[in-house]
2 protein chains.
Amino acid sequence: MPSRTVEDYLKHLYLLEKGGQTPASQVAMGGLAAAVGVTAGTATSMVKSLSDSDLVDYEPRAGVRLTRAGTKLALQVLRRHRLIELFLVQTLGLDWSEVHEEAEELEHAISDKVLEKIDTLLGHPDTDPHGDPIPPSTGSPKQEKLTPLNDCAPNTTAKVARVRDQEPEFLQFVDKHGLTPGAQFTVESHTPSADAITVRPHDREPVTLGSAAAGKIMVKVGR
Amino acid sequence: MPSRTVEDYLKHLYLLEKGGQTPASQVAMGGLAAAVGVTAGTATSMVKSLSDSDLVDYEPRAGVRLTRAGTKLALQVLRRHRLIELFLVQTLGLDWSEVHEEAEELEHAISDKVLEKIDTLLGHPDTDPHGDPIPPSTGSPKQEKLTPLNDCAPNTTAKVARVRDQEPEFLQFVDKHGLTPGAQFTVESHTPSADAITVRPHDREPVTLGSAAAGKIMVKVGR
DNA sequence: GATTTGACTTTGACTACTCAAAGTATACAC
DNA sequence: GTGTATACTTTGAGTAGTCAAAGTCAAATC
């Protein structure tokens with residue numbers, strides 16, 4: 001069974017590959033080291049050993065990429081993480097801003113048996129509280145095409161689909177203004193020169209966001 | 001924060017101290033090593049380091065005993081373990097024969113915050129599915145005086161209070177014959193020379209046990 | 001009281017992970 | 001094309017835990 005450390009490296013590698021837009025290119029060592037929270041030297045030696053286990057392809061000084069086996073393992077970890085997050089919110093009533101931290105620990109401790117009980121209890125959900133897709137037990141998650149809130153024109157009506165940040169402070173802000181996944185809203189104004197976009201969630205006061213914040217909110221236009 | 005390994009040593013030490021009857025005497029190294037599942041040498045060196053952290057008192061070749069601080073930590077681990085067991089049975093619907101194993105992992109991963117949510121969800125229970133007392137978040141569990149099924153005379157009516165074994169096979173047997181904690185029964189016969197005791201659970205067929213099995217079932221006489 | 005046995009401790013070595021610091025390659029500037 | 005900055009790799013060392021095997025103590029046996 002892969003160690004907790006291996007699981008963490010693979011998970012972050014997967015997120016970096018997907019985060020880096022479509023060509024799912026090689027990941028730089030520096031980025032991986034920062035994501036996992038170790039020094040560059042540590043990441044190098046760990047990646048070498050992952051490469052020996054055929055979980056990644058590694059080209060020194062070029063970068064690292066998950067193999068098929070590595071991707072499969074990473075998706076299992078991610079599935080655990082995201083199901084646990086949803087479970088903590090829905091069943092135990094934790095706040096969505098704190099469940100990411102909790103799940104970081106539990107994702108390495110939970111058995112398949114317990115995980116599938118949770119999946120059943122929750123009704124086989126396909127997204128977690130942040131709107132991130134929950135990978136199925138085999139295969140890859142299906143990615144919907146989403147638009148960053150940044151790119152919405154005034155008067156657009158849309159629905160929040162995903163919030164791509166795990167900072168509790170940001171998540172609490174989002175929650176307070178009614179922009180959690182599922183929320184519908186209308187874009188009131190968008191002035192790129194002022195780096196600002198104002199949206200009005202249905203049933204809430206309008207709120208103005210800078211582009212850094214708006215870029216983290218992915219929406220589905222329409223309805 | 002104590003490592004997972006430290007938590008395991010302290011937990012087993014606590015169980016051995018209590019298991020060894022009232023004078024809560026020193027625990028022999030061999031017993032501890034066997035309980036934790038390491039060689040004797042490993043246990044010696046670990047105990048020395050626990051002693052340096054003032055979690056145990058250690059007298060070479062005599063034995064080891066938890067300090068007040070060690071006991072406190074051990075009780076926290078045990079609380080986590082037993083609340084998790086009950087949670088897995090009650091909320092997730094796992095079989096009581098398999099939750100001990102699962103809880104061995106989860107007891108090291110769960111935060112206080114999640115634990116207290118579970119405690120609330122379950123209504124602040126005071127025993128786990130095996131009848132073992134759940135220590136309160138501070139202080140010691142209160143121990144009820146219980147009688148081993150062994151010591152029951154014929155025609156006694158009693159209630160199963162606690163099953164002191166974690167072997168899935170034994171637990172499944174106990175469940176199958178309706179002798180789980182809470183079950184009431186009457187002792188039909190008890191023949192020490194044949195090493196056998198026959199009990200009839202209310203609403204079930206009678207079942208005969210040898211003294212090794214009957215000794216693991218603790219009951220509360222009366223009603 | 002000498003010997004044997006069993007329990008315990010010590011020693012040396014190994015795995016898995018980590019960091020700091022020194023070394024090296026690449027790429028970019030000029 | 002030479003120089004320098006940056007990113008990466010290598011090296012050496014440390015921590016936490018483990019085992020196997022050798023050594024030691026103490027209690028039971030004779």
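All chains are named by letter (A, B, ...) in the order of the sequence lines, taking the proteins before the strands, and each is independently numbered beginning at 1. Keep in mind that what you see is a predicted model, and the values were worked out from it rather than measured.
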Nearest-angstrom distance from the residue atom OH of A:Y9 to C1' of C:dT18: 8 Å
Short side-chain to backbone donor-acceptor contact, B:D95 and B:E98, under 3.5 Å: no
Side-chain heavy atoms of A:V56 within contact of A:L10, under 4.5 Å: yes
Touch class at under 4.0 angstrom, heavy-atom based, for A:A43 against every strand present: nothing
Sugar-phosphate only, base, or nothing, as touched by B:T42 at under 4.0 Å among non-hydrogen atoms: base
Gap between atoms CD and C1', on A:Q26 and D:dA7 respectively (whole Å): 15 Å
Selected nucleotide, minimal atom distance to A:S45 side chain, candidates C:dC8, C:dT18, C:dT9: C:dT18
Nearest atoms (heavy-atom pairs only) where A:P135 meets A:P141: CA-CB, 4.0 Å
Flag, side chain of B:H81 to backbone of B:V77, donor-acceptor distance under 3.5 Å: no
Distance, rounded to the nearest Å, where A:R61 contributes CZ and D:dT10 contributes P: 7 Å
Closest to side chain of A:M29, choosing from D:dT9, C:dT9, D:dT18: D:dT9
A:M1 CE - C:dA16 P separation (whole Å): 14 Å
Length of the CD-C1' vector between B:E59 and D:dC25, whole Å: 15 Å
Given C:dC8, C:dT9, D:dT9, the nucleotide with the shortest approach to the side chain of A:A40: D:dT9
Touch class at under 4.0 angstrom, heavy-atom based, for B:G30 against every strand present: sugar-phosphate
Parallel, tilted or perpendicular: ring planes of B:H130 versus B:W96, cut at 30 and 60 degrees: parallel
Rounded interatomic separation in angstrom, taking CE from B:M46 and P from D:dT18: 7 Å
Of the listed nucleotides C:dT18, D:dT18, D:dC8, the one nearest the side chain of B:V38: D:dT18
Side chain of B:S3 (C-beta onward), nearest among D:dT18, D:dG17, C:dC17: D:dG17
Distance in angstrom units between A:K48 NZ and D:dT9 C1', rounded: 7 Å
Phosphate OP1/OP2 of D:dC8: any A:T44 side-chain N/O under 4.0 Å: no
Value in whole Å for how far the C1' atom of C:dA16 lies from CZ of B:R4: 15 Å
